[in-house]
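In what follows, residues are counted from 1 in the order of the sequence shown. The analysis underlying the following values was restricted to heavy atoms, covering all of them including side chains, and did not include hydrogens, waters or symmetry mates.
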Amino acid sequence: MVRYFRWMAITALFIYLSGASPEFALAKISLNHKQLLPINISHRGASGHAPEHTLQAYELGNVMNGDYIEIDLQMTKDGELIALHDETIDRTTEEKGLVKNLTLREIKKLDAGSWFNVAFPEKMSTEYSGLKIPTLREVLDRFGPDSKFFIETKSPEVYPGMEEKLINILNEYNLIGVHQTFDNVIVQSFSVESLRKVHEIDDSIPLVQLLSYYAPAVITDTEVSKIKEYAVGVGLHYTAVSPGYIKKINDSGLMVFPYTVNEKEDMNMLLDWGVTGMFTNYPDRLNEVIHSRTLENLK
(Lines give C-alpha, C1' and ligand atoms only; values in the text may rest on other atoms or scores of the structure.)
Protein backbone atom coordinates (compact mmCIF):
# COMPACT_ATOMS: atom_id res chain seq x y z
CA MET A 1 0.00 0.00 0.00
CA VAL A 2 2.74 2.44 0.98
CA ARG A 3 4.72 1.73 -2.17
CA TYR A 4 1.56 2.29 -4.18
CA PHE A 5 1.08 5.79 -2.81
CA ARG A 6 4.74 6.58 -3.38
CA TRP A 7 4.43 5.31 -6.93
CA MET A 8 1.41 7.54 -7.46
CA ALA A 9 3.33 10.57 -6.28
CA ILE A 10 6.32 9.79 -8.48
CA THR A 11 4.07 9.10 -11.48
CA ALA A 12 2.32 12.41 -10.95
CA LEU A 13 5.57 14.35 -10.96
CA PHE A 14 6.69 12.53 -14.09
CA ILE A 15 3.49 13.57 -15.82
CA TYR A 16 4.01 17.11 -14.62
CA LEU A 17 7.58 17.22 -15.97
CA SER A 18 6.39 15.71 -19.23
CA GLY A 19 4.03 18.59 -19.86
CA ALA A 20 0.67 17.42 -18.54
CA SER A 21 -1.48 19.88 -16.64
CA PRO A 22 -0.07 21.04 -13.28
CA GLU A 23 -3.52 20.60 -11.80
CA PHE A 24 -3.42 16.86 -12.47
CA ALA A 25 0.03 16.48 -10.95
CA LEU A 26 -0.89 18.56 -7.94
CA ALA A 27 -4.00 16.52 -7.29
CA LYS A 28 -1.95 13.33 -7.26
CA ILE A 29 0.95 14.63 -5.20
CA SER A 30 -0.77 16.64 -2.50
CA LEU A 31 -4.24 15.15 -2.30
CA ASN A 32 -3.39 13.63 1.08
CA HIS A 33 0.21 14.01 2.24
CA LYS A 34 -0.32 11.53 5.05
CA GLN A 35 -0.77 8.82 2.45
CA LEU A 36 2.43 9.59 0.58
CA LEU A 37 5.76 8.14 1.61
CA PRO A 38 7.94 11.24 2.15
CA ILE A 39 11.35 11.44 0.54
CA ASN A 40 14.19 10.68 2.95
CA ILE A 41 17.37 12.48 1.83
CA SER A 42 20.66 11.51 3.48
CA HIS A 43 22.30 14.88 4.08
CA ARG A 44 25.95 14.53 3.06
CA GLY A 45 25.28 10.84 3.58
CA ALA A 46 24.36 9.61 7.05
CA SER A 47 26.57 12.40 8.34
CA GLY A 48 25.29 12.12 11.90
CA HIS A 49 26.94 8.71 12.09
CA ALA A 50 30.03 8.95 9.86
CA PRO A 51 32.28 11.63 8.33
CA GLU A 52 30.25 13.68 5.87
CA HIS A 53 30.72 13.22 2.15
CA THR A 54 32.69 10.01 2.42
CA LEU A 55 31.78 6.75 0.75
CA GLN A 56 31.16 5.28 4.21
CA ALA A 57 28.62 8.00 5.03
CA TYR A 58 26.85 7.44 1.71
CA GLU A 59 26.79 3.70 2.27
CA LEU A 60 25.28 4.16 5.72
CA GLY A 61 22.65 6.47 4.24
CA ASN A 62 21.53 3.67 1.95
CA VAL A 63 21.61 1.07 4.69
CA MET A 64 19.47 3.37 6.84
CA ASN A 65 16.83 3.59 4.11
CA GLY A 66 17.64 7.01 2.75
CA ASP A 67 15.95 7.48 -0.63
CA TYR A 68 18.60 9.86 -1.92
CA ILE A 69 22.29 10.49 -1.33
CA GLU A 70 22.93 14.22 -1.14
CA ILE A 71 26.20 15.30 -2.74
CA ASP A 72 27.69 18.80 -2.55
CA LEU A 73 30.04 19.54 -5.41
CA GLN A 74 33.27 21.52 -5.48
CA MET A 75 35.78 21.56 -8.35
CA THR A 76 39.56 21.12 -8.15
CA LYS A 77 42.21 23.19 -9.88
CA ASP A 78 42.44 20.55 -12.61
CA GLY A 79 38.70 20.44 -13.17
CA GLU A 80 37.61 17.36 -11.18
CA LEU A 81 34.25 17.41 -9.43
CA ILE A 82 34.57 16.25 -5.83
CA ALA A 83 32.11 15.68 -2.99
CA LEU A 84 32.76 18.36 -0.40
CA HIS A 85 30.55 20.93 1.28
CA ASP A 86 33.00 23.79 1.83
CA GLU A 87 35.05 25.79 -0.65
CA THR A 88 38.02 25.10 1.63
CA ILE A 89 39.49 21.90 3.03
CA ASP A 90 39.98 23.52 6.46
CA ARG A 91 37.04 22.06 8.40
CA THR A 92 37.16 18.39 7.42
CA THR A 93 40.85 17.71 6.80
CA GLU A 94 44.15 18.31 8.55
CA GLU A 95 45.26 20.92 6.01
CA LYS A 96 44.04 24.36 4.91
CA GLY A 97 43.38 25.87 1.51
CA LEU A 98 40.88 26.54 -1.23
CA VAL A 99 39.70 23.60 -3.28
CA LYS A 100 40.03 25.64 -6.48
CA ASN A 101 43.77 26.01 -5.81
CA LEU A 102 44.39 22.28 -5.29
CA THR A 103 44.73 19.47 -7.81
CA LEU A 104 42.90 16.18 -7.37
CA ARG A 105 46.21 14.53 -6.56
CA GLU A 106 46.71 16.98 -3.70
CA ILE A 107 43.13 16.49 -2.52
CA LYS A 108 43.60 12.72 -2.45
CA LYS A 109 46.48 13.03 0.03
CA LEU A 110 44.16 14.48 2.66
CA ASP A 111 42.59 12.68 5.63
CA ALA A 112 38.86 13.48 5.51
CA GLY A 113 37.77 11.24 8.37
CA SER A 114 39.88 11.77 11.48
CA TRP A 115 38.24 15.13 12.25
CA PHE A 116 34.98 13.24 12.92
CA ASN A 117 36.61 11.09 15.58
CA VAL A 118 37.85 14.22 17.33
CA ALA A 119 34.55 16.08 17.03
CA PHE A 120 32.38 13.10 18.01
CA PRO A 121 34.46 10.81 20.24
CA GLU A 122 31.34 8.85 21.24
CA LYS A 123 30.95 7.83 17.58
CA MET A 124 34.61 7.38 16.71
CA SER A 125 35.83 4.45 14.64
CA THR A 126 39.28 3.45 13.51
CA GLU A 127 37.74 2.94 10.05
CA TYR A 128 37.20 6.68 9.73
CA SER A 129 40.86 7.63 10.06
CA GLY A 130 42.39 8.27 6.68
CA LEU A 131 39.17 8.36 4.66
CA LYS A 132 39.48 10.21 1.37
CA ILE A 133 37.39 12.89 -0.31
CA PRO A 134 35.65 11.10 -3.18
CA THR A 135 35.22 12.38 -6.70
CA LEU A 136 31.75 12.41 -8.20
CA ARG A 137 32.85 9.61 -10.51
CA GLU A 138 33.95 7.49 -7.55
CA VAL A 139 30.58 7.96 -5.91
CA LEU A 140 28.76 6.98 -9.09
CA ASP A 141 31.11 4.02 -9.62
CA ARG A 142 30.29 2.76 -6.12
CA PHE A 143 26.53 3.37 -6.08
CA GLY A 144 25.63 3.87 -9.74
CA PRO A 145 22.14 3.00 -10.97
CA ASP A 146 21.19 1.36 -7.67
CA SER A 147 20.96 4.71 -5.87
CA LYS A 148 19.37 8.10 -6.38
CA PHE A 149 21.26 11.35 -6.03
CA PHE A 150 20.38 14.85 -4.83
CA ILE A 151 23.30 16.89 -6.18
CA GLU A 152 24.07 20.49 -5.29
CA THR A 153 26.20 22.83 -7.36
CA LYS A 154 28.06 24.66 -4.60
CA SER A 155 29.54 28.10 -5.32
CA PRO A 156 29.14 27.66 -9.09
CA GLU A 157 30.34 31.23 -9.65
CA VAL A 158 33.74 30.06 -8.40
CA TYR A 159 33.86 27.13 -10.82
CA PRO A 160 33.10 28.09 -14.43
CA GLY A 161 31.83 25.12 -16.41
CA MET A 162 30.72 23.13 -13.37
CA GLU A 163 27.24 22.55 -14.79
CA GLU A 164 28.50 21.24 -18.12
CA LYS A 165 30.93 18.88 -16.40
CA LEU A 166 28.19 17.59 -14.11
CA ILE A 167 25.77 16.89 -16.94
CA ASN A 168 28.46 15.24 -19.06
CA ILE A 169 29.29 12.87 -16.20
CA LEU A 170 25.64 12.09 -15.49
CA ASN A 171 25.13 11.30 -19.17
CA GLU A 172 28.24 9.15 -19.16
CA TYR A 173 26.75 7.08 -16.34
CA ASN A 174 23.32 6.95 -18.01
CA LEU A 175 21.65 8.58 -15.03
CA ILE A 176 19.77 11.26 -16.95
CA GLY A 177 18.00 11.58 -20.28
CA VAL A 178 14.60 10.76 -21.68
CA HIS A 179 15.42 7.03 -21.57
CA GLN A 180 15.92 7.13 -17.78
CA THR A 181 13.58 7.40 -14.82
CA PHE A 182 13.18 11.13 -14.28
CA ASP A 183 14.03 11.08 -10.58
CA ASN A 184 17.38 9.24 -10.70
CA VAL A 185 19.04 12.60 -10.15
CA ILE A 186 17.74 15.87 -8.75
CA VAL A 187 19.98 18.93 -8.99
CA GLN A 188 19.72 21.74 -6.47
CA SER A 189 21.46 25.05 -5.87
CA PHE A 190 21.15 28.40 -4.16
CA SER A 191 22.25 29.87 -7.49
CA VAL A 192 19.39 30.71 -9.84
CA GLU A 193 21.91 31.16 -12.65
CA SER A 194 23.36 27.70 -12.12
CA LEU A 195 19.95 26.03 -12.16
CA ARG A 196 18.86 27.94 -15.23
CA LYS A 197 22.05 26.87 -16.96
CA VAL A 198 21.34 23.22 -16.15
CA HIS A 199 17.77 23.68 -17.37
CA GLU A 200 19.01 25.15 -20.66
CA ILE A 201 21.38 22.25 -21.23
CA ASP A 202 18.90 19.51 -20.26
CA ASP A 203 15.39 20.49 -19.28
CA SER A 204 14.51 16.91 -18.30
CA ILE A 205 16.52 17.14 -15.06
CA PRO A 206 14.34 17.96 -12.01
CA LEU A 207 15.70 21.05 -10.25
CA VAL A 208 15.22 22.35 -6.72
CA GLN A 209 15.78 26.00 -5.88
CA LEU A 210 17.41 26.40 -2.49
CA LEU A 211 16.31 29.52 -0.61
CA SER A 212 17.86 31.34 2.32
CA TYR A 213 15.73 33.23 4.83
CA TYR A 214 16.81 35.31 7.82
CA ALA A 215 13.23 35.59 9.04
CA PRO A 216 10.13 33.40 8.77
CA ALA A 217 9.82 32.42 5.13
CA VAL A 218 7.55 34.48 2.91
CA ILE A 219 7.26 33.99 -0.83
CA THR A 220 5.27 35.99 -3.35
CA ASP A 221 3.23 34.67 -6.24
CA THR A 222 5.70 36.33 -8.61
CA GLU A 223 8.62 34.54 -6.98
CA VAL A 224 6.78 31.22 -7.19
CA SER A 225 6.02 31.78 -10.87
CA LYS A 226 9.67 32.53 -11.66
CA ILE A 227 10.87 29.41 -9.84
CA LYS A 228 8.35 27.27 -11.71
CA GLU A 229 9.93 28.35 -15.00
CA TYR A 230 12.84 25.98 -14.35
CA ALA A 231 12.40 24.11 -11.05
CA VAL A 232 10.03 21.52 -9.58
CA GLY A 233 10.61 22.35 -5.94
CA VAL A 234 12.23 24.51 -3.28
CA GLY A 235 14.44 23.80 -0.30
CA LEU A 236 14.94 25.95 2.79
CA HIS A 237 15.98 25.67 6.42
CA TYR A 238 13.28 23.94 8.41
CA THR A 239 13.23 26.63 11.10
CA ALA A 240 12.02 29.18 8.54
CA VAL A 241 8.96 27.29 7.35
CA SER A 242 5.38 27.52 8.55
CA PRO A 243 2.18 25.63 7.69
CA GLY A 244 1.04 28.56 5.57
CA TYR A 245 4.28 28.70 3.60
CA ILE A 246 4.24 24.98 2.90
CA LYS A 247 0.60 25.11 1.84
CA LYS A 248 1.34 27.94 -0.58
CA ILE A 249 4.24 26.00 -2.10
CA ASN A 250 2.16 22.82 -2.36
CA ASP A 251 -0.81 24.66 -3.85
CA SER A 252 1.48 26.11 -6.52
CA GLY A 253 2.45 22.62 -7.70
CA LEU A 254 6.02 22.85 -6.39
CA MET A 255 7.52 20.40 -3.91
CA VAL A 256 9.19 21.50 -0.66
CA PHE A 257 12.26 19.96 0.99
CA PRO A 258 13.33 21.49 4.33
CA TYR A 259 16.88 21.03 5.64
CA THR A 260 18.50 19.84 7.92
CA VAL A 261 16.02 18.02 10.17
CA ASN A 262 17.53 15.79 12.83
CA GLU A 263 14.97 15.48 15.63
CA LYS A 264 11.92 13.24 15.40
CA GLU A 265 9.65 15.90 16.86
CA ASP A 266 10.56 18.28 14.05
CA MET A 267 10.24 15.53 11.44
CA ASN A 268 6.71 14.75 12.58
CA MET A 269 5.78 18.42 12.66
CA LEU A 270 6.97 19.00 9.10
CA LEU A 271 5.24 15.88 7.84
CA ASP A 272 2.02 17.07 9.49
CA TRP A 273 2.44 20.36 7.64
CA GLY A 274 2.77 18.56 4.31
CA VAL A 275 6.40 18.68 3.18
CA THR A 276 7.41 16.47 0.25
CA GLY A 277 10.48 15.20 2.06
CA MET A 278 13.46 16.46 4.00
CA PHE A 279 17.22 16.39 4.40
CA THR A 280 18.56 14.75 7.54
CA ASN A 281 21.90 13.70 9.00
CA TYR A 282 20.01 10.75 10.51
CA PRO A 283 18.09 8.91 7.77
CA ASP A 284 17.53 6.06 10.23
CA ARG A 285 15.51 8.37 12.48
CA LEU A 286 13.45 9.73 9.60
CA ASN A 287 12.85 6.19 8.37
CA GLU A 288 11.54 5.24 11.82
CA VAL A 289 9.21 8.25 11.82
CA ILE A 290 7.91 7.48 8.33
CA HIS A 291 7.46 3.80 9.16
CA SER A 292 5.58 4.61 12.35
CA ARG A 293 3.30 7.09 10.60
CA THR A 294 2.67 4.68 7.76
CA LEU A 295 1.56 1.93 10.13
CA GLU A 296 -0.69 4.40 11.91
CA ASN A 297 -2.30 5.49 8.63
CA LEU A 298 -2.96 1.90 7.60
CA LYS A 299 -4.93 1.15 10.76
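Atoms CG and CD1, from Leu166 and Ile71 in turn, are 9.5 Å apart once rounded to the nearest 0.5 Å. Note that the OG atom of Ser125 and the CD atom of Gln56 stand 9.0 Å from one another [nearest 0.5 Å]. Remark: Met75 CE to Thr135 OG1 distance equals 14.0 Å, nearest 0.5 Å. Taking CG from Leu207 and OH from Tyr230, the interatomic distance works out to 8.5 Å, rounded to the nearest 0.5 Å. Atom-to-atom distance recorded for Ser42:OG and Asp67:CG is 8.0 Å, nearest 0.5 angstrom. Here the straight-line distance linking atom CG of Asn268 with atom OG of Ser292 works out to 7.0 Å at 0.5 Å rounding.
Between the side chain of Gln209 and the backbone N or O of Phe190 there is at least one donor-acceptor pair closer than 3.5 Å. Panel note: side chain Ser189, backbone Thr153; a donor-acceptor pair is recorded below 3.5 Å. Between the side chain of Thr54 and the backbone N or O of Pro51 there is at least one donor-acceptor pair closer than 3.5 Å. Between the Asp72 side chain and the Leu84 main chain, no donor and acceptor come within less than 3.5 Å of each other. Lys228 contributes a side-chain N or O that, together with a main-chain N or O of Ser252, makes up a donor-acceptor pair within less than 3.5 Å.
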Next on the checklist: Pair Leu110, Glu94 - check side chain to side chain contact (heavy atoms under 4.5 Å, CB included), show working.
Outcome noted: CA-CA 7 Å; Leu110 303 172; Glu94 75 282 15; 4.2 Å; yes
Checklist entry - Checking side chain to side chain contact (heavy atoms under 4.5 Å, CB included) for the pair Leu81/Arg137: CA distance, chi angles, key distance, verdict? => result CA-CA 8 Å; Leu81 295 180; Arg137 290 180 184 278; over 6 Å; no
Next on the checklist: Pair Asp78, Thr76 - check side-chain hydrogen bond (donor to acceptor under 3.5 Å, both in side chains), show working.
Outcome noted: CA-CA 5 Å; Asp78 46 348; Thr76 65; 2.6 Å; yes
Checklist entry - Taking it one step at a time, do Lys148 and Asp183 satisfy salt bridge (charged side-chain N to carboxylate O under 4.0 Å, His left out)? => result CA-CA 7 Å; Lys148 296 180 183 295; Asp183 65 335; 3.3 Å; yes
Checklist entry - Does the side chain to side chain contact (heavy atoms under 4.5 Å, CB included) test come out yes or no for Ile219 and Tyr245, once each step is laid out? => result CA-CA 8 Å; Ile219 194 166; Tyr245 182 94; 3.7 Å; yes
Checklist entry - Given Tyr238 and Thr260, is the side chain to side chain contact (heavy atoms under 4.5 Å, CB included) satisfied, shown in steps? => result CA-CA 7 Å; Tyr238 80 96; Thr260 302; 5.9 Å; no
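Every residue was checked against the salt bridge (charged side-chain N to carboxylate O under 4.0 Å, His left out) condition with Glu127, not counting sequence neighbours, and none meets it. Scored by the side-chain contact (heavy atoms from CB on, under 4.5 Å) test, Thr222 finds Thr220, Lys226 as partners (sequence neighbours excluded). Residues passing the side-chain hydrogen bond (donor to acceptor under 3.5 Å, both in side chains) test with Asn171, sequence neighbours excluded: none. Residues that satisfy the side-chain hydrogen bond (donor to acceptor under 3.5 Å, both in side chains) test with Asn65, not counting sequence neighbours, are absent from this structure. Looking at residues two or more places apart in sequence or on another chain, you find no salt bridge (charged side-chain N to carboxylate O under 4.0 Å, His left out) involving Lys100. Taking the side-chain hydrogen bond (donor to acceptor under 3.5 Å, both in side chains) definition, one finds that Asn168 meets it with nothing, sequence neighbours left out.
In this structure, the side chains of Val232 and Met255 come closer than 4.5 Å at one or more pairs of heavy atoms. Counting only heavy atoms from C-beta outward, the side chains of Asn250 and Leu254 never approach each other to under 4.5 Å.
More than 12 heavy-atom neighbours from other residues, nucleotides or ligands sit within 6.0 angstrom of NZ on Lys132. Atom CD of Glu172 has more than 12 heavy atoms from other residues, nucleotides or ligands within 6.0 Å.
Within the structure, the salt bridge (charged side-chain N to carboxylate O under 4.0 Å, His left out) test picks out the following pairs touching residues 102-120 (sequence neighbours left out): Lys108-Glu138. Residue pairs meeting the ring pair (Phe, Tyr, Trp, His ring centres under 6.0 Å) criterion with at least one member in residues 70-95, sequence neighbours excluded, do not occur. Annotation: side chain to side chain donor-acceptor pair (under 3.5 Å) contacts involving residues 277-290, sequence neighbours excluded, comprise His43-Asn281, Ser47-Asn281, His49-Asp284, Lys123-Tyr282, Asn262-Thr280, Lys264-Glu288.
Using modelled atom types, one finds a donor on one side chain and an acceptor on the other under 3.5 Å when comparing Asp141 with Tyr173. Checking Ser204 against Asp202 by side-chain atom types alone, a donor-acceptor pair falls below 3.5 Å. No side-chain donor-acceptor contact under 3.5 Å links Tyr259 and Glu70. For the residue pair Ser155 and Glu87, a side-chain donor N or O sits within less than 3.5 Å of a side-chain acceptor on the partner.
A ring-centre distance under 6.0 Å is found for Phe257 and Phe150.
Closest approach of Gly274 and Val256 over heavy atoms only: O-CG1, 4.5 Å. Of all the heavy atoms in Pro38 and Leu271, the pair that sits closest is CG-CD2, 3.3 Å. Scanning both residues, Thr93 and Ile89, for their nearest heavy atoms gives OG1-O, 2.8 Å. Across all their heavy atoms, Asp90 and Lys96 have their closest contact at OD1-CA, 3.1 Å. Summarising the geometry of Ala217 relative to Leu236, their closest heavy-atom pair is CB-CD1, 3.6 Å, with the distance given to 0.1 Å. Between Leu175 and Pro145, the shortest heavy-atom contact is CD2-CA, 4.2 Å.
Hydrophobic clustering, defined by side-chain heavy atoms of Ile, Leu, Val, Met, Phe, Trp and Tyr closer than 4.5 Å, leaves Val63 isolated from every other such residue. Leu60 forms part of a hydrophobic cluster together with Met64, Trp115, Phe116, Phe120, Tyr128, Leu131, judged by ILVMFWY side-chain heavy-atom separations under 4.5 Å.
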Could you tabulate the donor-acceptor pairs under 3.5 Å formed by side-chain atoms of residues 156-165, not counting sequence neighbours?
from	atom 1	to	atom 2	distance (Å)
Tyr159	OH	Gln74	OE1	2.6
Glu163	OE2	Ser194	OG	2.6
Lys165	NZ	Gly79	O	3.4

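Using a 4.5 Å cut-off between side-chain heavy atoms of Ile, Leu, Val, Met, Phe, Trp and Tyr, with links allowed through other members, Leu98 and Leu104 fall into different hydrophobic clusters. Ile201 is connected to Ile205 through a chain of hydrophobic side-chain contacts under 4.5 Å among Ile, Leu, Val, Met, Phe, Trp and Tyr, so both are in one cluster. Hydrophobic clustering keeps Val218 apart from Val241 (ILVMFWY residues linked when any side-chain heavy atoms are closer than 4.5 Å, directly or through intermediates). In the hydrophobic clustering of this structure, Met124 does not group with Leu55; members are Ile, Leu, Val, Met, Phe, Trp, Tyr whose side-chain heavy atoms approach within less than 4.5 Å, directly or through other members.
Among the candidates Ile167, Leu73, Val208, Leu195, the single residue satisfying the side chain to side chain contact (heavy atoms under 4.5 Å, CB included) test with Val187 is Leu195.
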